[in-house]
Amino acid sequence: MTTYFGAIADDFTGATDLAGLLARSGVRVSLRIGVPQEPPADTAPLEIIALKCRTAPVDEAVAETRAALDWLRRAGAERFFWKYCSTFDSTPQGNIGPVAEALMTALGTKQTIYCPAFPENGRSIFMGNLFVGEQPLAESPMKDHPLTPMRDSNLLRLLAPQVTSPVGLANRHAVAKGAAALRGRLSQLSGDGVTHVVVDAVANDDLYLIAEACHDMPLLTGGSAIAMPLPEIWLKQGLLKRYEADRAHRFEAGPAIILSGSCSAMTNRQVAAFLSEGRPSLKLDPLDLAENGNGAALDWLSRQDLAATPIIYATAAPDAVRAAQEKLGTERAGTLVEATLAACATRARDLGVRRFVVAGGETSGAVTKSLGISRLDIGAEIAPGVPWCFARTAGRDVAITLKSGNFGNEEFFAKALEVLER
Ligand code: ADP
């Protein structure tokens, strides 16, 4: 089926998060890692291109997203989405605004909305201010993010320096009056020359109203949640069809492995819970990897009974991570771990593993790259924003799930295995 909706995500796990939410509609979703080299073929009605441009220089981010847009247009897409983080992660040079402007120019559209709200995950916007749980963004842990520290909570103030034309607000009162009122507010802003409209949303219902008011705009921008209601609207209009083939059931479950390079608080708990089941496990130590390489890890893997679902992890508490980073440098410590988990993934595949559970955003990028995976078909959701995906590597069908740091609950790893066995 030709593509109707084309989304461009500024990072990889953000793209899988979006893919999982869109797939709830039962419409086929396909995710491409990077802009495909080849022309569109076997396209899904909902296509997502995952980029890695959140902190890239502005020119680079604009060029990449333009290339992604061109590919999606060739696939037939008529509606477009620019997906960024629900905490509006951007550097002071900020890519969110410039990319949105470049996409608007290419599409010849005069207005778009900015709605990073994700109420289910505690991200809400009120009077243009973004909250993480009960805290304003700039008072949340995001204020100390190593790459994109967020020191202002007001989206209009964050966005204005990133764009060349006026920024305005459709506030909660406008949204709460319903889709027609919101449309009225948007056209009033348009009359005032406002191109970039931040839209308040504090509850899931707001997202449905906003989607209803905005589904026919050529370009929407925001977090994954604002896109979630769109397929349902287009299904009702007959613009999309549900996906009949059930990929999850056609997939023959083979041996599984857990590869974890995330050190988030939640991943630490998830690894501990999985270890308590008495699984074969190997803990990676960056200092040891720096000294002795990854041969021992690969040898260990080759000796395992794969039917027992081994876990290989570098997941560690903040103190241990800091100690390794101080000795090796943050980047080197990260790269050593990522490269080892990536090598373990290909070795596991060659040994017969067919299901891969991967924890960590960067780690996921490294693993899919080493498996040579450039396209994922989205399957059943394991936790909000974390679906199983189906892909081909070295001529074989495999299932893979890519979990970013804090997603899923404590039982995530066991749950992931169970979902696919069902
Ligand atoms: P998350 O999604 O939780 O941010 P990522 O995989 O994106 O996870 O990032 C975690 C980073 O930390 C990766 O670069 C990984 O290689 C690195 N890392 C993992 N374990 C350790 C460790 N024990 N010491 C230092 N760095 C580590």
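Start at 1 and go down the list; that is how both ligands and their atoms are numbered. Computed from heavy atoms alone, side chains included, the values below leave out hydrogens, waters and symmetry copies.
Looking only at protein heavy atoms, the nearest one to atom 15 (C) of ligand 1 is Gly261 O, 3.4 Å. Of all protein heavy atoms, the one closest to atom 23 (N) of ligand 1 is Ala314 O, 3.0 Å.
Residue pairs meeting the salt bridge (Lys or Arg N to Asp or Glu O under 4.0 Å) criterion with at least one partner in residues 290-318, sequence neighbours excluded, are absent.
Any N or O atom pair closer than 3.5 Å counts here, and Thr335 shares no such pair with ligand 1. The shortest N/O to N/O separation between Ser404 and ligand 1 does not fall below 3.5 Å.
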Give the table of side-chain donor-acceptor pairs shorter than 3.5 Å for residues 224-235, with sequence neighbours excluded, one pair per line with atom names and distance.
{"from": "Ser224", "atom 1": "OG", "to": "Asp17", "atom 2": "OD1", "distance (Å)": "3.2"}
{"from": "Ser224", "atom 1": "OG", "to": "Asp17", "atom 2": "OD2", "distance (Å)": "3.0"}
{"from": "Glu232", "atom 1": "OE2", "to": "Arg242", "atom 2": "NH2", "distance (Å)": "3.2"}

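Close approach to Glu338 involves these atoms of ligand 1, each under 4.0 Å from a residue heavy atom: 13 (C), 14 (O), 16 (O). Close contacts of ligand 1 with Gly361, meaning ligand atoms under 4.0 Å from a residue heavy atom, involve 1 (P), 2 (O), 5 (P), 6 (O), 7 (O), 8 (O). Close contacts of ligand 1 with Glu362, meaning ligand atoms under 4.0 Å from a residue heavy atom, involve 5 (P), 6 (O), 7 (O).
When only modelled atom types and interatomic distance are considered, Ser260 and Thr315 share a side-chain donor-acceptor pair under 3.5 Å.
Nearest residue to atom 6 (O) of ligand 1 from Leu284, Thr340, Val321, Thr363 is Thr363 (criterion: closest heavy atom).
There is a protein heavy atom closer than 4.0 angstrom to atom 8 (O) of ligand 1.
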